[in-house]
Amino acid sequence: MIKKPLLDAMNEQVMHEMHSAYLYLSMAAYFEAQNLPGFAHWMRKQFGEEQQHAMKFFDYILERSEEVKLLPIGAVPTEFKSPEDVFAQTLEHEQKVTALINAIYEKATAANDAASQIFLHWFIEEQVEEEANATKILDMLKKIGGNMGALYQLDHALSKRGE
Ligand code: MG
């Protein structure tokens, strides 16, 4: 049994991860429209990864014989100013997700729910990686500025993303 405040937060997190997926899909559309296929590819991968995050919570809730309640997914921005703007928003978004994961972890600790704490360790590590990736690309975009050659080089590098 998962205590209610923790279970509610986990069900909300399914929605937050799906919202993240939807945000990155919107960013993929932006990059496609900008003819930056490498960036678009990176965002499509991110879209897939966020759906996997949602499914980890989904499956965990069911594994604990609790009820999954799917909540409405909010709208996401559909217009972006520049690649740098997109990655600034990505970093800000991932920082918010980190705070959400940390808050769920606090609920698991308060509930003395060791299984949930262990389950959440993966997400805590994942958020370190998510923030680091967004920070790295944002930093590169700041350095690139208006240099189109360098932008296309980064686009090519991002097209190689496997996972
Ligand atoms: Mg996520």
Side-chain angles (χ1 to χ4, degrees), residues 2-32 36 38-64 66-80 83-111 113-141 154 157-163:
I2 303 177
K3 285 192 178 156
K4 194 172 183 304
L6 177 58
L7 177 61
D8 287 349
M10 286 186 168
N11 267 312
E12 280 168 27
Q13 195 61 28
V14 174
M15 175 272 288
H16 288 304
E17 299 292 348
M18 291 302 288
H19 182 251
S20 297
Y22 210 37
L23 173 65
Y24 295 131
L25 188 61
S26 183
M27 290 171 169
Y30 165 79
F31 284 124
E32 294 285 2
L36 290 167
F39 280 94
H41 168 80
W42 194 93
M43 284 297 174
R44 281 173 188 254
K45 288 284 178 187
Q46 200 68 12
F47 166 64
E49 207 175 76
E50 297 304 339
Q51 290 176 81
Q52 288 174 17
H53 295 172
M55 291 313 292
K56 274 184 191 279
F57 277 102
F58 180 98
D59 288 334
Y60 180 74
I61 293 166
L62 294 175
E63 212 178 343
R64 293 285 302 269
E66 295 289 358
E67 192 185 350
V68 167
K69 285 184 185 165
L70 297 180
L71 301 166
I73 302 166
V76 291
T78 52
E79 281 173 36
F80 304 94
E84 190 181 322
D85 175 42
V86 171
F87 275 88
Q89 289 196 43
T90 298
L91 177 58
E92 196 184 323
H93 181 76
E94 288 303 330
Q95 286 166 341
K96 280 183 196 156
V97 174
T98 299
L100 290 168
I101 297 291
N102 289 344
I104 300 172
Y105 193 79
E106 277 174 33
K107 286 185 171 71
T109 307
D113 189 331
S116 293
Q117 288 172 47
I118 291 166
F119 165 74
L120 289 163
H121 285 171
W122 185 89
F123 282 92
I124 292 165
E125 282 179 1
E126 175 69 13
Q127 283 313 117
V128 172
E129 199 185 307
E130 295 279 33
E131 286 193 33
N133 290 340
T135 300
K136 196 168 105 185
I137 297 170
L138 177 60
D139 185 57
M140 286 191 273
L141 285 168
L154 179 56
L158 295 182
S159 76
K160 304 291 179 204
R161 176 174 175 177
E163 287 313 315

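Just so you know, ligand 1 is whichever comes first in the structure, and atom 1 is the first atom listed for that ligand. None of these values were measured; they are calculated from a predicted model.
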Which N, O or S atoms belonging to the protein are less than 2.8 Å from the Mg ion (ligand 1)? Glu17 OE1, Glu50 OE1, His53 ND1
With a 6.0 Å cut-off on ring centres, are Tyr24 and Phe47 close enough? no
Would you indicate whether the side-chain heavy atoms of Glu17 and Phe123 approach each other to under 4.5 Å? yes
Quick one: do the Ser116 and Tyr60 side chains pair a donor with an acceptor below 3.5 Å? yes
Considering only NZ, NE, NH1 and NH2 on the basic side and carboxylate oxygens on the acidic side, decide whether Asp113 and Arg64 come within less than 4.0 Å. yes
Just wondering, are more than 12 heavy atoms of other shown residues or ligands nearer than 6.0 Å to CD in Glu92? no
Are Arg161 and Glu49 within salt-bridge range, i.e. N to O under 4.0 Å? yes
